[in-house]
Amino acid sequence: MTSFARFGVVGGGAWGTALAQLLAADGAPVLLWAREAEVTAAINAEHRNPLFLPGAPLSPSLRATGDLADLAGLDALLVVVPVPYLRAVLADLPTDTAPLIFCSKGMEAGSFAFPVDIARALFPERPLAVLSGPTFAHEVAAGLPTAITLAAADPAIADALARALARPHFRPYASTDMIGAEIGGAVKNILAIACGIVDGAGLGLNARAALISRGFAEMTRFGLARGAQAETLAGLAGLGDLVLTCTSSNSRNFALGQGLGRGESAAVLMRDRRTVAEGAFSAPVIAEAARAGGIDMPITDTVARLVAGETGVAQAIQALLSRPLRREGA
Ligand SMILES: NC(=O)c1ccc[n+]([C@@H]2O[C@H](COP(=O)([O-])OP(=O)(O)OC[C@H]3O[C@@H](n4cnc5c(N)ncnc54)[C@H](O)[C@@H]3O)[C@@H](O)[C@H]2O)c1
Ligand SMILES: O=P(O)(O)OC[C@H](O)CO
């Protein structure tokens, strides 16, 4: 039976640090690569990551490095680099055969590739997996109950990785539907921006519920057209993450939307950010991919135009409300 004991983490942001802490909390050695020297220093010297995960004490068995080569020879790597930066980091990974578990949520501009697509082109023989679901990093780092989807093409690998990552408060549900898990995570970020916009604009909770419901319909149309399984989209990585991220300002995407809804410009909201709101990057990409595939995603398209500064909130909401009536299942 395949087993995984020694994990590495690629990415020292909030989620990479939280996942590393999940695995190191019982004293197990975990090595994390961080891009920033200050993150590496703070983790190694003070057992904390004040830049991206402030207030979360870290296990002394969690060690950090600034050299990707140090991640060679481990049993599996959790890859937690935001999608816009992922390809460059993957290209610098040391040659290895350990599975790569993709934890980022987004579609790459230009290539229309999800993380697994990027990796498959770079590492055609390497086992790949996706870890995605309703998971605020701070809550996972604090040991609060969490469930998540762990998908891999080979069910035996999915089961083995799920067993290896499982903790009393962290429950991975194994799946073979990687594309479904990736689409759920990428689209929910965009819909969270939309829900933040109506919140920031004071348009009420009915509007939020309508966006979650109709946004889930968009996610499903897009996902099924690209080979996702309906139960994945209706599960933790899709609907589960949609509910979490569309209902809390703990979500960076929802919070970005709140700013847009209050009338702040995307340029100002995105300028000088250290943390990512991946939906802002993915919205134009998925909107274009949907158009190219003849898939109707009006909310996604509206968020893309708002983030690009091509329309205002009032006009965007009016345009959505004045769309022709249609049957719900259509
Ligand atoms: N934060 C969460 O609660 C959470 C939970 C689940 C999934 N995710 C996903 O995890 C991924 C990582 O997000 P995060 O929240 O950990 O990041 P973050 O917002 O905490 O930090 C930003 C990260 O981007 C990295 N970065 C910035 N510029 C870069 C560059 N040019 N090259 C390489 N890396 C660069 C930084 O080093 C840092 O690690 C995203 O896809 C996100 O959607 C986040
Ligand atoms: O802060 P967000 O919007 O990137 O959401 C974090 C996680 O994806 C929640 O599952």
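We count ligands from 1, going down the list as the structure has it; atoms in each ligand are counted the same way.
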I need the [X] [atom1] to [Y] [atom2] distance, nearest 0.5 Å.
X: I212; Y: L239; atom1: CD1; atom2: CG; result: 8.5 Å
X: L128; Y: L122; atom1: CG; atom2: CG; result: 10.0 Å
X: L23; Y: S59; atom1: CG; atom2: OG; result: 10.5 Å
X: L236; Y: T135; atom1: CG; atom2: OG1; result: 10.0 Å
X: F7; Y: D75; atom1: CZ; atom2: CG; result: 7.5 Å
X: T275; Y: F52; atom1: OG1; atom2: CZ; result: 8.0 Å

Exercise for review: Look only at interatomic distance and state if V276 has a nitrogen or oxygen under 3.5 Å from any nitrogen or oxygen of ligand 2.
Suggested key: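 By distance alone, the answer is no.
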Practice item. Determine, stepwise, if the pair D92 / V89 fulfils side-chain contact (heavy atoms from CB on, under 4.5 Å). Key: CA-CA 5 Å; D92 289 342; V89 174; 5.9 Å; no
Review point. Which of these, E278, K105, K188, H138, has its nearest heavy atom closest to atom 5 (O) of ligand 2?
Key: K188
Review point. When you measure from atom 9 (C) of ligand 2 to each heavy atom in T275, D241, L242, L256, which option holds the nearest one?
Key: D241
Exercise for review: Quick one: do L53 and Q21 satisfy side-chain contact (heavy atoms from CB on, under 4.5 Å)? Show the steps, please.
Suggested key: CA-CA 11 Å; L53 198 65; Q21 174 56 21; 5.9 Å; no
Check ligand 2 against [X] and write out every atom of the ligand that is under 4.0 Å from a heavy-atom position of the residue.
X: L244; answer: 9 (C), 10 (O)
X: P134; answer: 10 (O)
X: T135; answer: 7 (C), 9 (C), 10 (O)
X: G133; answer: 10 (O)
X: T245; answer: 3 (O), 5 (O), 9 (C)

Tabulating one pair per line, provide the atom names and distances (0.1 Å) for every N/O atom of ligand 1 that is less than 3.5 Å from a protein N/O atom.
from: ligand 1; atom 1: 1 (N); to: R252; atom 2: NH2; distance (Å): 3.2
from: ligand 1; atom 1: 3 (O); to: A137; atom 2: N; distance (Å): 2.9
from: ligand 1; atom 1: 15 (O); to: R252; atom 2: NH1; distance (Å): 3.1
from: ligand 1; atom 1: 15 (O); to: R252; atom 2: NH2; distance (Å): 2.9
from: ligand 1; atom 1: 16 (O); to: A14; atom 2: N; distance (Å): 3.2
from: ligand 1; atom 1: 16 (O); to: W15; atom 2: N; distance (Å): 2.8
from: ligand 1; atom 1: 19 (O); to: R252; atom 2: NH1; distance (Å): 3.0
from: ligand 1; atom 1: 19 (O); to: V276; atom 2: N; distance (Å): 2.8
from: ligand 1; atom 1: 20 (O); to: A14; atom 2: N; distance (Å): 2.8
from: ligand 1; atom 1: 28 (N); to: R35; atom 2: NH1; distance (Å): 3.4
from: ligand 1; atom 1: 31 (N); to: R35; atom 2: NH2; distance (Å): 3.4
from: ligand 1; atom 1: 32 (N); to: R35; atom 2: NE; distance (Å): 3.4
from: ligand 1; atom 1: 37 (O); to: E36; atom 2: OE1; distance (Å): 3.3
from: ligand 1; atom 1: 37 (O); to: E36; atom 2: OE2; distance (Å): 2.5
from: ligand 1; atom 1: 39 (O); to: G13; atom 2: N; distance (Å): 3.1
from: ligand 1; atom 1: 41 (O); to: K105; atom 2: N; distance (Å): 3.0
from: ligand 1; atom 1: 41 (O); to: E278; atom 2: OE2; distance (Å): 2.5

Exercise for review: Only counting residues at least two apart or in another chain, list the ones meeting salt bridge (charged side-chain N to carboxylate O under 4.0 Å, His left out) with R48.
Suggested key: E46
Point to revise | Partner of K105 under side-chain hydrogen bond (donor to acceptor under 3.5 Å, both in side chains), chosen from D241, T245, N253 | key: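 Of the listed options, the one satisfying the test is D241.
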Check your understanding: For ligand 2, does S251 get within less than 4.0 Å through its side chain, its backbone, both, or neither, judged by non-hydrogen atoms?
Key -> both
Check your understanding: Just wondering, do L86 and E108 contact through their side chains at under 4.5 Å, heavy atoms?
Key ->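 No, side chains not in contact.
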Point to revise | Residue and atom name of the nearest protein heavy atom (relative to atom 4 (O) of ligand 2), distance in Å to one decimal | key: R252 NH2, 3.0 Å
